[in-house]
Visitor: 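The structure is given below, and queries will be raised subsequently.
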Amino acid sequence: KTLDLVTFANQIVDRFEMSTKHASIQFKRKFPNKPVKVQADHDKLTQVFDNTISNAIKYSPEGGAVVCTIKQEAHRVVVSVRDEGVGIPKENIPYIFDRFYRVDKARARSLGGTGLGLAIAKEIVFAHGGSIWVSSDWGKGTTMFFSLPYDDGTVEEA
Ligand code: ATP
Ligand code: MG
């Protein structure tokens, strides 16, 4: 189904922003001011956004900023979710998309989770013909990126 990624992402960030659980997080959006069309399953794409944004929140300090960006390129759309959190040590980066993999078991246990969020996100993004990757500096923050093929068909209502 064709959907407008800007409207879609705005709805998701609105939902996180309205949740009192995340009151201390500063959400920012850098979205194009025109629709960006992609072919995607609504519920599955919701899961990709939820898993990446919830990680950004979970691994951030109080008052941290979470910046969601949508960039349209020639043949694909790139979404990024940047945080100012704990970051990921370089040696762990190759494994974070593996099922049940969690960096620093002790810290991870106290924060809760199963280590499946990114494995699921990767599976969904791949099934949509996109890819997912990360850039992170330990102690400084993380940016999670995912891409989707750009669709220049017509937009249908969500
Ligand atoms: P779940 O998503 O199943 O609740 P989880 O968050 O631990 O558990 P993933 O989302 O798959 O699992 O992430 C795997 C690991 O990658 C995390 O345990 C964490 O160590 C690391 N990680 C993921 N996103 C971030 C981030 N934004 N900042 C720092 N570390 C991260
Ligand atoms: Mg997670």
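We count ligands from 1, going down the list as the structure has it; atoms in each ligand are counted the same way.
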Visitor: Using the ring of each side chain (for Trp, its six-membered ring), is F145 parallel, tilted or perpendicular to W133, with breaks at 30° and 60°?
Guide: parallel
Visitor: Within less than 2.8 Å of the Mg ion (ligand 2), any N, O or S from N55?
Guide: yes
Visitor: Test side chain to side chain contact (heavy atoms under 4.5 Å, CB included) on V38 and H128; report intermediate values, then the result.
Guide: CA-CA 10 Å; V38 295; H128 282 79; over 6 Å; no
Visitor: Could you check which of G117, G115, G85, A119 puts a non-hydrogen atom nearest to atom 8 (O) of ligand 1?
Guide: G115
Visitor: Determine the interplanar angle of the H42 and F8 rings, folded into 0 to 90°, and report it as parallel if under 30°, tilted if 30 to 60°, perpendicular if over 60°.
Guide: perpendicular
Visitor: Could you say whether the N/O atoms of V86 and ligand 1 ever approach to under 3.5 Å?
Guide: no
Visitor: For T142, take its heavy atoms, then give the atoms of ligand 1 lying under 4.0 Å from any of them.
Guide: 26 (C), 27 (N), 28 (N), 29 (C)
Visitor: Report, in ascending order of atom number, the atoms of ligand 1 lying under 4.0 Å from any heavy atom of K58.
Guide: 4 (O), 5 (P), 6 (O), 8 (O)
Visitor: Select the closest option to atom 25 (C) of ligand 1 among Y59, Y101, F100, Y95, judged by heavy-atom distance.
Guide: Y59
Visitor: Counting heavy atoms only, which of S136, G113, A121 comes nearest to atom 4 (O) of ligand 1?
Guide: G113
Visitor: Which atoms of ligand 1 sit under 4.0 Å from any heavy atom of I96?
Guide: 14 (C), 16 (O)
Visitor: Looking only at the side chains, is there a donor atom on one of S147 and S131 sitting less than 3.5 Å from an acceptor on the other?
Guide: yes
Visitor: So that I can tick it off, tell me whether D83 and K58 are bridged by a salt bridge, with the cut-off set at under 4.0 angstrom between side-chain N and carboxylate O.
Guide: no
Visitor: Can you list everything that forms a side chain to side chain donor-acceptor pair (under 3.5 Å) with E123? Sequence neighbours excluded, please.
Guide: R99
Visitor: Using a 4.0 Å heavy-atom cut-off, which part of D83 comes near ligand 1: side chain, backbone, both, or neither?
Guide: side chain
Visitor: Quick one: which ligand 1 atoms are inside 4.0 Å of a heavy atom on V103?
Guide: 18 (O), 20 (O)
Visitor: Is the shortest distance from a heavy atom of N51 to ligand 1 less than 4.0 Å?
Guide: no
Visitor: Counting only N and O atoms by type, is there a donor-acceptor contact under 3.5 Å from the side chain of E84 to the main-chain atoms of G64?
Guide: no
Visitor: Let me check something: do F97 and L116 share a hydrophobic cluster, defined by ILVMFWY side-chain heavy atoms less than 4.5 Å apart, either directly or through other members?
Guide: yes
Visitor: Any nitrogen or oxygen of L118 lying under 3.5 Å from a nitrogen or oxygen in ligand 1? Just yes or no.
Guide: yes
